[in-house]
2 protein chains.
Amino acid sequence: MVRVGLTTERLTQAGAELADEVGFDQVTVSALARRFDVKVASLYSHVRNSHDLKTRIALLALEELADRVAAAVAGRAGKDALAAFADAYRDYARVHPGRYDAARLRLDPETAAASAAVRHSQMTRAILRGYDLTEPDQTHAVRMLGSVFHGYVSLEMAGAFSHTAVPSQESWAWTLDSLDTLLRTWTTT
Amino acid sequence: MVRVGLTTERLTQAGAELADEVGFDQVTVSALARRFDVKVASLYSHVRNSHDLKTRIALLALEELADRVAAAVAGRAGKDALAAFADAYRDYARVHPGRYDAARLRLDPETAAASAAVRHSQMTRAILRGYDLTEPDQTHAVRMLGSVFHGYVSLEMAGAFSHTAVPSQESWAWTLDSLDTLLRTWTTT
DNA sequence: GCATTTGCCTAATACCTTTAGGCAAATTAG
DNA sequence: CTAATTTGCCTAAAGGTATTAGGCAAATGC
């Protein structure tokens with residue numbers, strides 16, 4: 001009976017890898033146990049239940065994503081910052097589709113409030129500093145940007161843009177141009 | 001042994017209702033069997049498997065949504081049409097959250113091609129007739145509109161906009177205004 | 001009224017989730 | 001360095017979902 005050295009962190013990490021390989025909804029306590037070559041029940045000392053595991057993966061993904069966005073945006077402003085933000089977001093989803101889906105998991109309010117989701121909205125607001133919008137326009141813009149980024153990435157992941165000759169990359173660039181133009185227009189209004 | 005009169009259609013319909021009540025991911029063959037007070041195995045004469053059931057619910061939702069959008073858009077043009085389209089979309093998600101999630105199910109290419117998803121993109125293109133864009137801008141715009149609508153609705157459903165004082169309805173109106181302005185700007189470019 | 005089809009059932013297998021309780025390995029104490 | 005304790009993974013068991021195979025009775029067609 002060799003001890004493998006399970007910890008909540010290792011399980012969460014492995015769960016995130018599993019999610020990227022087989023999809024977040026295929027992440028199961030059983031699959032994770034197999035991956036560690038350990039009996040299923042053993043995981044229950046480290047993770048409360050299946051939902052707890054998924055929540056931890058979601059929180060990990062939110063942190064990672066926030067870190068990447070923060071790094072991408074650092075030292076940039078205006079459209080540069082907007083594009084860096086958006087690309088960081090989209091790239092993360094491409095490289096880590098399972099984690100990206102995990103980040104979309106509905107968290108209960110307290111958990112969400114204590115998560116990196118807070119940093120996400122702060123960073124979005126930071127982007128908007130380059131386009132001086134005042135409240136409530138700033139909030140509207142935060143919501144719109146979040147919608148476009150999430151919507152685009154999620155439709156693209158679902159394959160919705162792969163049935164036309166027009167490359168998705170071009171539509172992405174066009175969209176970012178449009179958003180920049182739009183925000184600059186609002187600024188002068 | 002009274003016959004309940006199961007059919008593929010009734011199962012799909014009931015599955016859609018179940019989805020709205022308990023969430024699309026909670027729609028299971030077992031739950032559906034319970035709802036008809038019938039043994040689980042009995043459903044397998046009408047539905048190939050769990051995935052088949054979910055696909056049928058997704059197709060139903062896509063049809064319903066396309067019908068509503070079509071009705072909303074009929075006889076309108078320009079910003080009127082844009083707003084009608086967007087509202088129809090958002091309203092459907094509010095009234096039928098489970099079905100809305102179902103409509104997001106990833107379909108295999110052939111199934112998607114034969115589904116109402118085709119009507120959706122056609123209608124989006126129709127909206128854009130009010131803003132004469134030429135290819136490939138039109139495709140870009142179709143993708144961007146789809147992203148905004150889906151993104152907004154899905155974040156709103158997830159409760160992402162309910163932690164601020166600013167009412168979501170206002171951000172929605174602001175977003176539609178912005179998109180209209182944006183598309184009109186592109187037209188003159 | 002009889003034959004056939006059809007619809008729902010029983011039975012069985014397999015996998016995932018979760019809890020309870022046990023034994024051995026690792027850690028700490030004397 | 002051994003003894004006591006904690007900790008980590010295990011066995012066992014119960015309950016839920018998915019799916020297939022084969023059976024009997026109700027509905028349908030002639």
Side-chain angles (χ1 to χ4, degrees), chain A residues 1-60 98-99 101-102 104-108 111, chain B residues 1-60 98-99 101-102 104-108 111:
Chain A
M1 232 183 274
V2 190
R3 298 196 177 185
V4 194
L6 301 179
T7 62
T8 306
E9 287 65 37
R10 288 188 64 197
L11 288 176
T12 306
Q13 187 67 42
E17 285 160 20
L18 186 59
D20 287 334
E21 291 166 23
V22 303
F24 184 58
D25 46 343
Q26 301 301 313
V27 172
T28 122
V29 183
S30 301
L32 206 50
R34 271 194 295 278
R35 172 166 286 228
F36 280 97
D37 199 30
V38 139
K39 297 296 170 181
V40 189
S42 307
L43 302 207
Y44 283 83
S45 315
H46 305 280
V47 159
R48 236 196 327 281
N49 52 37
S50 184
H51 181 255
D52 179 41
L53 171 64
K54 286 181 179 162
T55 301
R56 287 175 190 280
I57 298 172
L59 294 175
L60 171 70
R99 284 156 148 103
D101 276 345
R104 284 356 297 177
L105 184 68
R106 191 166 192 159
L107 302 173
D108 49 294
T111 310
Chain B
M1 234 183 275
V2 190
R3 299 199 177 185
V4 193
L6 301 179
T7 64
T8 306
E9 288 65 38
R10 288 188 64 198
L11 288 177
T12 306
Q13 186 66 43
E17 285 160 20
L18 186 59
D20 287 334
E21 290 166 23
V22 302
F24 183 57
D25 46 343
Q26 301 300 314
V27 172
T28 126
V29 184
S30 302
L32 206 50
R34 273 194 294 277
R35 173 165 285 228
F36 280 97
D37 200 30
V38 140
K39 297 296 170 181
V40 189
S42 307
L43 302 206
Y44 283 83
S45 316
H46 306 279
V47 160
R48 233 195 331 278
N49 51 36
S50 183
H51 181 256
D52 179 41
L53 170 65
K54 285 180 180 162
T55 300
R56 287 175 191 279
I57 297 172
L59 294 175
L60 171 72
R99 284 156 147 103
D101 276 343
R104 280 6 289 181
L105 183 68
R106 191 166 192 160
L107 303 173
D108 48 294
T111 311

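Chain identifiers are assigned alphabetically (A, B, ...) following the order of the sequence lines, protein sequences preceding nucleic acid strands; residue numbering begins at 1 within each chain. Note that this is a predicted model, so its numbers are computed, not measured.
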_Using a 4.0 Å heavy-atom cut-off, does A/V40 contact any base of the nucleic acid, only the sugar-phosphate backbone, or nothing at all?_
base

*To the nearest 0.5 Å, how far apart are CG in B/L43 and CZ in B/R35?*
12.5 Å

*asked:* In this structure, how many angstroms lie between the P atom of D/dT19 and the NE2 atom of B/H51, rounded?
replied: 10 Å

_Side-chain N,O (B/S45) to OP1/OP2 (C/dG7) below 4.0 Å_ = no

*What is the distance from CG of A/L53 to P of C/dT17, rounded to the nearest Å?*
9 Å

_Closest listed nucleotide, where the reference is the side chain of B/T28 and the choices are D/dT19, D/dT17, C/dT6_ = D/dT17

*Closest nucleotide among C/dC9, C/dT18, D/dT17 to the A/S50 side chain*: C/dT18

*B/L32 CG - D/dG16 P separation (whole Å)*: 18 Å

*Would you check if A/R104 and A/F24 make a side-chain contact, meaning some heavy-atom pair closer than 4.5 Å?*
no

*When you get a sec, tell me which of D/dT20, C/dG7, D/dT7 is the closest nucleotide to the side chain of B/R3?*
C/dG7

_Distance in Å, B/L32 CG paired with B/R10 CZ, rounded so as to fall on 0.5 Å steps_ = 10.5 Å

_If I take atom NE2 in residue A/H46 and atom C1' in nucleotide C/dT18, what distance separates them, rounded to the nearest angstrom?_
16 Å

*Of all heavy-atom pairs between A/V40 and A/A33, which one has the smallest distance, and what is that distance?*
CA-CB, 3.7 Å

*Give the nucleotide from the list D/dT20, C/dT17, D/dC9 with an atom nearest to the side chain of B/Y44.*
D/dT20

*With respect to the side chain of A/A41, which nucleotide from D/dT7, D/dA27, D/dT11 is positioned closest?*
D/dT11

_Less than 4.0 angstrom between a side-chain N/O of A/R48 and OP1 or OP2 of C/dT18, yes or no?_
no

*Nearest-0.5 Å distance, CG of residue A/L11 to CG of residue A/L18*: 11.5 Å

*Ignoring the backbone of A/V29, work out which of D/dT20, C/dT17, D/dC10 is nearest its side chain.*
C/dT17

*Separation of B/R35 atom CZ from C/dC8 atom C1', in whole Å?*
20 Å

*Rounded off to whole Å, could you give me the NZ-to-P distance for the A/K39 and C/dG21 pair?*
21 Å

*Considering only side-chain heavy atoms of B/S30, which listed nucleotide, D/dC10, D/dT17, D/dC9, is closest?*
D/dT17

*In whole Å, what is the span from the CZ atom of B/F36 to the C1' atom of C/dG7?*
14 Å

*asked:* Tell me the interatomic distance from A/N49, atom CG, to C/dA20, atom C1', rounded to whole angstroms.
replied: 17 Å

